[in-house]
2 protein chains.
Amino acid sequence: MMADVSADADAPRPAAPPPELGKAARRSASWTIAHTADDGADRPSGSQSIQRALVLLNLVGVLARDRPDGASLAELTRVSGRPKASVHRILVALVAEGYVEQDPDTACYRLGLQAGVLGELAGHRADDLGEASTDSLIRIADSSTDTTFLTVRHGSYGVCTRRQEGPGPIRNYALAVGDRHPLGIGAGSLAILSALSDDDVEDVLASTATTRDHYPGFDDDTLHDLVHRSRQNGYALNDGRVIAGSWALGVAVRDPADRPVAALSVASIAERFDGARRDELAALLHAEARSIRAALTDSQKSRSARGRS
Amino acid sequence: MMADVSADADAPRPAAPPPELGKAARRSASWTIAHTADDGADRPSGSQSIQRALVLLNLVGVLARDRPDGASLAELTRVSGRPKASVHRILVALVAEGYVEQDPDTACYRLGLQAGVLGELAGHRADDLGEASTDSLIRIADSSTDTTFLTVRHGSYGVCTRRQEGPGPIRNYALAVGDRHPLGIGAGSLAILSALSDDDVEDVLASTATTRDHYPGFDDDTLHDLVHRSRQNGYALNDGRVIAGSWALGVAVRDPADRPVAALSVASIAERFDGARRDELAALLHAEARSIRAALTDSQKSRSARGRS
DNA sequence: CCGCAATGGTCCATATTGTGGACCATGGAT
DNA sequence: ATCCATGGTCCACAATATGGACCATTGCGG
């Protein structure tokens with residue numbers, strides 16, 4: 001898997017195998033989203049069809065992100081790993097509710113009206129973290145001249161929720177809004193994991209064990225090692241082991257209760273992460289992480305004050 | 001704002017038939033969203049749980065819109081009309097996927113992380129209509145000094161997808177982003193309906209018959225009459241029959257194939273809709289509707305050109 | 001202080017519901 | 001004409017969601 005990622009495209013595109021290093025190219029390897037349900041060890045509770053539908057919805061969004069005409073049924077089935085009939089049935093339901101729309105010509109699926117509405121409604125809502133972090137993201141992107149990300153913890157996974165392009169010439173396509181990976185995979189994600197207690201780390205690793213089968217080179221031992229190193233350094237470093245050549249550095253963002261709820265990270269090419277610059281970046285990120293925490297404290301206080309009145 | 005609205009649906013209020021005129025008050029009557037599944041006459045196909053889940057998701061978004069701490073389980077069950085256990089089970093699934101989050105203190109539900117992500121992804125996507133209409137909405141709001149809306153057709157229903165506040169002192173809370181009503185109810189919605197062929201009108205009315213039970217005063221005869229009048233006038237007028245005192249005027253927006261896919265509308269109080277101003281507004285809206293259609297034509301052309309290459 | 005009526009949440013037998021392998025139609029490439 | 005991949009449909013089966021009854025808390029009012 002992910003080898004033939006190429007398949008990505010799907011249709012005509014005669015399976016042009018990217019000349020290696022195809023950053024942008026292989027980024028469609030967003031199967032990352034597919035696996036998710038298995039939170040923890042227990043899977044007894046029952047609303048599977050809903051979970052499946054929601055995962056697929058997300059998948060449509062991610063796959064159709066860079067492709068304006070949407071994702072084909074074949075691709076969705078392939079990437080989601082479910083039988084075609086099921087995928088199709090679910091898509092019909094999603095279309096019926098307007099969360100997905102189907103291009104009448106190409107028969108491809110993309111996010112629909114309701115998805116946008118939902119976003120509008122969600123955005124309207126106080127998105128503390130997003131709100132509090134935008135300024136920081138911009139500052140980091142500007143002064144580092146690289147692409148910066150906000151990764152939010154969600155259970156045992158990390159979701160990229162913001163992405164800020166830096167003014168520099170280097171563009172990194174390893175991570176985009178909506179991508180979800182198990183905690184520990186990627187700089188921001190690893191920063192969050194490393195900031196958890198030892199017990200929590202074990203729980204997370206147990207939870208994501210099966211999912212991590214799809215990420216070669218991220219077995220338990222390696223992750224333990226990475227966590228250890230990150231804690232010593234005071235920052236998490238992704239030295240290109242997700243996508244060769246794509247490095248990144250991240251630090252955790254803590255909420256007012258000191259729980260690591262997110263992470264800031266900066267991505268670029270290996271050359272831009274020599275020793276001196278690492279410290280520089282780490283200091284910058286730590287400062288901004290603290291500033292976000294302060295902003296969160298404020299907004300929380302004002303909220304509870306309002307609530308009391 | 002909408003202060004006591006709170007109570008609204010909520011608890012005690014023993015089915016209080018609002019003392020009329022309850023502008024803001026009754027707007028929480030967003031059950032409008034609840035009914036939807038029954039598209040058309042046929043309901044054989046089967047992915048009901050998914051539909052239910054998606055409807056509930058939307059409901060969470062709408063109910064929690066103005067309430068930063070979210071909607072209570074009780075409210076959601078009441079407004080959705082399904083048994084508590086079901087609603088709860090669905091909510092658990094939505095929470096598990098991150099589309100909804102539950103306030104740990106109040107136990108209330110609001111849109112979660114994934115909802116925002118989805119919006120981000122959907123927004124990223126080319127939202128032709130939204131894109132093409134923003135300028136028009138702003139222009140209309142500015143020059144009319146009233147609140148203007150974009151209503152998009154979705155099956156036999158109209159969904160409010162944009163809302164632009166005008167600079168004037170009058171604020172209208174009859175319609176908000178995310179609200180869905182059967183075609184014919186509300187100015188924009190009626191404008192779309194009136195722009196359909198007679199056959200289509202019949203189909204729509206048949207489809208929404210049961211839903212319209214919840215809208216007193218919108219039986220088939222009345223709607224036929226309204227459609228007739230709208231066609232004669234060249235614009236749809238809502239003379240406060242949804243919410244007393246809240247008037248609005250709308251015209252349909254046609255896509256390049258001349259199908260009415262949306263509508264622009266302006267809402268205000270009755271006093272601001274005398275004969276002269278109606279014509280003025282209608283002309284303004286028609287002009288902007290044409291301009292949107294032109295923009296759509298352009299974007300569609302450039303897209304197909306790109307696709308061919 | 002003790003109900004009383006809300007609330008959020010859980011259980012579990014039932015049959016309704018989604019499942020997915022097999023199948024068909026189409027269309028582009030060889 | 002052949003082949004493969006595509007989007008889409010069918011249908012017997014059983015796993016699945018369903019929802020009424022039930023429980024635990026909380027907050028109000030007499």
Side-chain angles (χ1 to χ4, degrees), chain A residues 4 6-16 37 42-56 60 63 69-97 100-110, chain B residues 6-15 37 42-56 60 63 69-97 100-110 307-308:
Chain A
D4 78 64
S6 53
D8 70 17
D10 79 33
R13 186 77 92 68
D42 45 340
R43 290 263 75 250
S45 57
S47 309
Q48 307 210 11
S49 60
I50 298 180
Q51 315 261 21
R52 287 206 247 272
L54 293 174
V55 170
L56 207 149
V60 170
L63 284 190
D69 46 340
S72 69
L73 172 62
E75 188 174 7
L76 286 166
T77 62
R78 224 174 302 121
V79 97
S80 70
R82 309 225 72 84
K84 186 173 52 170
S86 297
V87 174
H88 184 258
R89 184 163 16 88
I90 294 176
L91 283 173
V92 168
L94 291 174
V95 169
E97 286 303 316
V100 168
E101 65 186 23
Q102 184 175 28
D103 189 307
D105 302 326
T106 67
C108 283
Y109 298 89
R110 70 180 87 112
Chain B
S6 55
D8 68 33
D10 245 21
R13 191 75 95 68
D42 45 341
R43 288 264 74 250
S45 56
S47 308
Q48 307 210 8
S49 60
I50 299 180
Q51 315 259 21
R52 288 206 245 272
L54 293 174
V55 170
L56 207 147
V60 170
L63 283 190
D69 45 340
S72 71
L73 172 63
E75 188 173 6
L76 286 167
T77 61
R78 224 173 300 118
V79 99
S80 70
R82 345 215 96 265
K84 187 174 49 168
S86 298
V87 173
H88 184 258
R89 181 162 18 85
I90 294 175
L91 283 172
V92 168
L94 292 174
V95 169
E97 288 303 317
V100 167
E101 64 185 23
Q102 184 176 28
D103 189 307
D105 303 324
T106 67
C108 282
Y109 298 90
R110 72 181 85 115
R308 256 192 302 281

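Letters A, B, ... are given to chains in the order of the sequence lines, protein chains preceding strands, and every chain is numbered from 1.
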For [X] against [Y], the heavy-atom pair lying closest together:
X	Y	result
B:Ile90	B:Arg52	CD1-CB, 4.1 Å
B:Val87	B:Ser80	CG2-OG, 3.6 Å
B:Leu63	B:Ala71	CB-CB, 3.9 Å
A:Gly70	A:Cys108	C-CB, 3.9 Å
B:Ala93	A:Ile50	CB-CG2, 3.8 Å
B:Asp103	B:Asp69	CB-O, 4.3 Å

When you measure from the side-chain N and O atoms of [X] to the phosphate of [N], is any distance below 4.0 Å, counting only OP1 and OP2?
X	N	answer
B:Ser86	D:dG19	yes
A:Ser49	C:dT17	no
B:Arg78	C:dA6	no

Which whole-number value in Å describes the distance from [X] [atom1] to [N] [atom2]?
X	N	atom1	atom2	value
A:Arg82	C:dT19	CZ	C1'	9 Å
B:Arg52	C:dT17	CZ	P	7 Å
B:Gln48	C:dT16	CD	C1'	9 Å
B:Ile90	D:dA17	CD1	C1'	9 Å
A:Asp103	D:dT6	CG	P	17 Å
B:Leu54	D:dA17	CG	P	14 Å
B:Gln51	C:dT16	CD	P	19 Å
A:Leu91	C:dT19	CG	P	12 Å

Interatomic distance, A:Arg89 atom CZ to A:Leu94 atom CG [nearest 0.5 angstrom]: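 If we round to the nearest 0.5 Å, A:Arg89:CZ and A:Leu94:CG are 11.5 Å apart.
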Supply the atom-to-atom distance B:Glu101 CD to B:Leu91 CG, rounded to the nearest 0.5 angstrom.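 So the CD of B:Glu101 and the CG of B:Leu91 are separated by 12.5 Å.
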Does B:Val92 have any side-chain contact (heavy atoms from CB on, under 4.5 Å) partners at least two apart in sequence or in another chain, and if so, which?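 If we apply the side-chain contact (heavy atoms from CB on, under 4.5 Å) test to B:Val92, skipping adjacent residues, the hits are B:His88.
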List for me each residue that meets side-chain contact (heavy atoms from CB on, under 4.5 Å) alongside B:Ala85, sequence neighbours excluded, and say none if there are none.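 B:Ala85: no side-chain contact (heavy atoms from CB on, under 4.5 Å) contacts found.
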Bend angle of the helix from C:dC1-D:dG30 to C:dT30-D:dA1 from five-pair axes at both ends, rounded to 10°?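 Angle reported: 30°, given to the nearest ten degrees.
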Kindly give the atom pairs (protein nitrogen or oxygen, nucleotide nitrogen or oxygen) under 3.5 Å for nucleotides 26-28 of chain C.
none

Encode nucleotides 7-14 of chain D as B, S and - characters from 5' to 3', where the letter depends on protein heavy atoms closer than 4.0 Å: B to the base, S only to sugar-phosphate, - to neither. BBBB----
Are the side chain of A:Gln102 and the backbone N or O of A:Ala107 linked by a donor-acceptor pair below 3.5 Å?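 Pair found, side chain donor or acceptor close to backbone of A:Ala107.
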